[in-house]
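Lettering of chains follows the sequences in order, A, B, ..., and the numbering in each one begins at 1.
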2 protein chains.
Amino acid sequence: MAHYSPALDAVLVALADPTRRQVVQRLGRGPASVGELARPFPMALPSFMKHVRVLESSGLIRTAKSGRVRTCTLDRERLALVDDWLADQRQVWSDRTDRLERLVTDLEGTP
Amino acid sequence: MAHYSPALDAVLVALADPTRRQVVQRLGRGPASVGELARPFPMALPSFMKHVRVLESSGLIRTAKSGRVRTCTLDRERLALVDDWLADQRQVWSDRTDRLERLVTDLEGTP
DNA sequence: CGGATACTTAGCCTTGTGGCTCACTATTCG
DNA sequence: CGAATAGTGAGCCACAAGGCTAAGTATCCG
């Protein structure tokens, strides 16, 4: 537990950008083409494509080109990495709480 | 739901760095001084302090100086922002699943 | 008081990130 | 075929991120 995870790192870096988070959110409602995804954003396509690449290389999305259209789909499993890390943190806290409780109990036992 | 949250943004940016994640993890076991937190890392103190500042301005940790020692504590509530966002995402997916199921049901009803 | 400790401040440097334009390729459609 | 569509690729740019050193400040301890 705890040691450095490149996969988690990539996912968090990807999610640290608002544009990319919105894309993830949109893809939660189903697959979409790059152009479709880009439409809401006030940036040029090549700029937007960089975000798509970041998301893809983090594993959060998968993309496939058919004809001239590249379709993107969300990989929900990847988001679980974040869940898992958060769960680990809670584990650390509760371990500490357990120790504190034990300490209090011990102190009560030896007045 | 969904619109841009600077707070969530700051938290995810903070967590996107492995050093800072390890600090969060360490602080889960209880408060610590800056020097104590920095010890495991192969970087100079001023560099490390930047990470502390990022964590603090994201709200993930609080710090207070007493004498010449600055003590850092984790603010668990802040991590909940990430939890909430993940929960939102799952909500989006399940809404979609519901719609798909309803569609299938409707189709079955009208053969 | 004076030295050791624990940060802090200031400033520099390199790399990475996110955005742009312009030019190009590959499909699709009339 | 030829025009419109949907990405791509290349290369530039500004600024933020993360690291460093050197020097300064503010306790604390003997």
Could you run down nucleotides 22-30 of chain C 5' to 3' and tag each one B, S or - for protein heavy-atom contact under 4.0 Å?
B----BS--
When rounded to the nearest 0.5 angstrom, what distance separates CZ in Phe48(A) from CZ in Arg53(A)?
11.5 Å
With a 4.0 Å cut-off on N to O distance, would you call Lys50(B) and Asp17(B) a salt bridge?
no
Side-chain ion pair, Arg76(A) and Asp83(A), N-O less than 4.0 Å:
no
Answer yes if [X] and [Y] sit in the same cluster of Ile, Leu, Val, Met, Phe, Trp and Tyr residues linked by side chain heavy atoms under 4.5 Å apart, and no otherwise.
{"X": "Leu27(B)", "Y": "Phe41(B)", "answer": "yes"}
{"X": "Leu37(A)", "Y": "Met49(A)", "answer": "yes"}
{"X": "Val54(B)", "Y": "Leu15(B)", "answer": "no"}
{"X": "Ile61(B)", "Y": "Trp93(A)", "answer": "yes"}
{"X": "Leu86(B)", "Y": "Leu81(B)", "answer": "yes"}

Quick one: which residue pairs count as a side chain to side chain donor-acceptor pair (under 3.5 Å) with a foot in residues 59-69 of chain A, not counting sequence neighbours?
Glu56(A)-Thr63(A), Thr63(A)-Arg70(A)
Is the side chain of [X] donor-acceptor paired with the backbone N or O of [Y] at a distance under 3.5 Å, no angle test?
{"X": "Arg20(B)", "Y": "Val13(B)", "value": "yes"}
{"X": "Arg78(B)", "Y": "Ser58(B)", "value": "yes"}
{"X": "Ser47(B)", "Y": "Met43(B)", "value": "no"}

Under 4.0 Å between any heavy atoms, over every strand shown, what does Ser33(B) touch: base, sugar-phosphate, or nothing? Just pick one.
sugar-phosphate
Before you tell me yes or no, could you show the steps for Trp85(A) and Val82(B) under side chain to side chain contact (heavy atoms under 4.5 Å, CB included), namely the whole-Å CA-CA distance, both residues' side-chain angles and the distance that decides it to 0.1 Å?
CA-CA 11 Å; Trp85(A) 186 80; Val82(B) 182; over 6 Å; no
So which of [range] are in contact with DNA chain D, with a heavy-atom cut-off of under 4.0 Å?
{"range": "residues 8-18 of chain A", "answer": "none"}
{"range": "residues 48-62 of chain B", "answer": "Lys50(B), His51(B)"}
{"range": "residues 36-45 of chain B", "answer": "Pro42(B), Met43(B), Ala44(B)"}

Boundaries of the DNA chain D segment in contact with chain B, non-hydrogen, under 4.0 Å:
dG18(D) to dC28(D)
Would you check, one step at a time, whether the test side chain to side chain contact (heavy atoms under 4.5 Å, CB included) holds for Leu60(B) with Asp75(B)?
CA-CA 5 Å; Leu60(B) 276 172; Asp75(B) 182 349; over 6 Å; no
Option from Val24(B), Val23(B), Leu55(B) for which side-chain contact (heavy atoms from CB on, under 4.5 Å) with Leu74(B) holds
Val24(B)
